[in-house]
Amino acid sequence: PWLSVGATVLMLALYEARLTWLQRHHPQRLARSVHAGLREQWFEAISQHPGTEVLAVQTLRNSLMSATMVASTAAIGLVGSATLATPSLHQLLDSGGLPAATPRLALELVLLALLFASMMASAMAVRYFNHAGFIASMPVGSAARAHWSAAAVAYLRRAGLLYGWGLRQLLLIAPILAAIVHPLAGPPVTLIVVAVLVA
């Protein structure tokens with residue numbers, strides 16, 4: 001079991017390391033960078049046409065609702081996973097001698113970490129989409145809109161990056177759940193999930 005669990009977690013870690021390397025050296029090859037530029041251009045485009053304020057708010061509301069759904073799903077999963085992992089954690093902490101970690105406990109801890117990361121990133125995305133919505137609702141051409149435009153662009157960039165990160169972490173729980181059901185299921189499910197995310 002440890003070999004399968006280790007392979008599952010290692011493949012997920014390598015996938016994340018590859019994304020980090022690409023972000024530093026070839027950001028234009030990542031969807032997150034391309035979409036960040038798209039959101040910036042979108043805000044600049046709607047800021048040039050009076051009467052687009054309602055359209056901007058509706059578009060941002062859709063993004064806000066999507067991030068809210070990811071955050072809610074992660075929060076519910078986190079509470080459920082914590083409930084399931086509590087007996088294992090108590091057994092580990094209450095043992096008198098050296099703690100005996102099991103493959104299942106290791107997977108449960110990784111699952112909790114992924115769900116927590118997804119919930120936090122998505123909740124922060126909600127925060128930034130909300131702030132950007134206030135700015136986008138200001139009348140185009142107003143002094144207040146001009147004053148806050150740079151902040152809106154920064155908020156949209158952060159919100160998009162956080163939303164993407166939160167959604168990715170939520171999707172990465174599939175291999176962990178598969179490995180919890182049966183350790184040998186972890187590596188093939190990891191390959192499938194990573195292949196889908198890379199495509």
Side-chain angles (χ1 to χ4, degrees), residues 12-79 81 111-174 193-199:
L12 293 176
L14 288 173
Y15 170 72
E16 288 291 331
R18 179 182 176 271
L19 288 180
T20 302
W21 183 84
L22 283 173
Q23 184 65 40
R24 288 187 183 148
H25 301 292
H26 302 286
Q28 69 281 1
R29 292 180 55 194
L30 290 175
R32 67 175 97 170
S33 298
V34 173
H35 293 150
L38 170 67
R39 282 185 292 276
E40 289 177 13
Q41 290 178 6
W42 169 80
F43 186 78
E44 290 167 3
I46 63 164
S47 294
Q48 296 172 5
H49 300 284
T52 58
E53 297 86 0
V54 173
L55 174 64
V57 170
Q58 290 294 338
T59 302
L60 289 173
R61 183 175 293 144
N62 292 341
S63 297
L64 186 130
M65 291 306 297
S66 182
T68 301
M69 287 173 50
V70 172
S72 299
T73 302
I76 291 168
L78 183 62
V79 170
S81 298
L111 177 64
L112 290 170
L114 286 172
L115 287 167
F116 181 76
S118 177
M119 181 189 70
M120 290 301 296
S122 301
M124 292 304 293
V126 167
R127 176 183 178 217
Y128 285 118
F129 278 131
N130 185 45
H131 293 333
F134 278 102
I135 298 168
S137 68
M138 292 177 179
V140 171
S142 67
R145 173 88 171 231
H147 175 76
W148 287 98
S149 284
V153 169
Y155 291 158
L156 287 171
R157 176 175 279 279
R158 287 182 198 150
L161 292 174
L162 287 163
Y163 171 74
W165 196 65
L167 182 59
R168 189 173 69 251
Q169 300 310 310
L170 189 63
L171 294 174
L172 292 180
I173 69 169
V193 170
V194 168
V196 168
L197 289 173
V198 168

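Between Trp21 and His25, the ring planes are tilted. Angles from 30° to 60° get that label.
In this structure, OH in Tyr15 is found 10.5 Å from OG1 in Thr20, a value given to the nearest 0.5 Å. Note that CZ of Arg127 and OG of Ser122 are 14.5 Å apart. Values are rounded to the nearest 0.5 Å. Between the CG atom in Leu19 and the CG atom in Leu30 there is a gap of 6.0 Å [rounded to 0.5 Å]. Interatomic distance, Gln28 CD to Ser33 OG, rounded to the nearest 0.5 Å: 8.0 Å. Here the CG-CZ distance, from Leu161 to Arg39, works out to 6.0 Å after rounding to the nearest 0.5 Å.
In this structure, the side chains of Glu40 and Leu156 stay at 4.5 Å or more apart for every pair of heavy atoms. Between Arg18 and Glu16 there is no side-chain heavy-atom pair separated by less than 4.5 Å. Counting heavy atoms from C-beta on, the side chains of Phe43 and Ile135 come closer than 4.5 Å. For the pair Phe129/Leu162, no side-chain contact is recorded, criterion being any heavy-atom separation below 4.5 Å from C-beta on. Using a 4.5 Å heavy-atom cutoff, the side chains of Met138 and His147 are not in contact. Side chains of Val34 and Leu38 form no contact here, defined as non-hydrogen atoms less than 4.5 Å apart. A 4.5 Å side-chain heavy-atom check between Val140 and His49 finds every atom pair outside the cut-off. Contact of the Arg158 side chain with the Met124 side chain is not registered, since no non-hydrogen atoms from C-beta on lie closer than 4.5 Å.
The 12-atom threshold is exceeded at CH2 of Trp42, counting heavy atoms of other residues, nucleotides or ligands nearer than 6.0 Å. Summarising the local packing, CZ of Phe116 is surrounded by 12 or fewer heavy atoms from other residues, nucleotides or ligands at distances under 6.0 Å.
Residues satisfying the side-chain hydrogen bond (donor to acceptor under 3.5 Å, both in side chains) criterion with Gln41, sequence neighbours excluded, are absent altogether. With sequence neighbours excluded, the residues satisfying side-chain hydrogen bond (donor to acceptor under 3.5 Å, both in side chains) with Ser66 are Tyr163.
With Ser118 contributing its side chain and Leu114 its backbone, the two residues share no donor-acceptor pair below 3.5 Å. Between the Thr52 side chain and the Ile46 main chain, a donor and an acceptor come within less than 3.5 Å of each other.
When all heavy atoms are compared, the tightest approach of Leu78 to Leu112 is CD1-O, 3.6 Å. Taking all atoms of both residues into account, the shortest heavy-atom contact from Ser47 to Arg145 is OG-NH2, 3.0 Å. Nearest heavy atoms, Ala75 versus Met119: CB-SD, 3.7 Å. Leu60 and Ala136 get closest at one heavy-atom pair: CD1-CB, 3.7 Å. Pairing each heavy atom of Ala159 with each of Tyr128, the nearest pair is CB-CB, 3.6 Å. Taking all atoms of both residues into account, the shortest heavy-atom contact from Ala125 to Ala67 is CB-CB, 4.2 Å.
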Working for side chain to side chain contact (heavy atoms under 4.5 Å, CB included), residues Leu197 and Leu172:
CA-CA 9 Å; Leu197 289 173; Leu172 292 180; 3.7 Å; yes
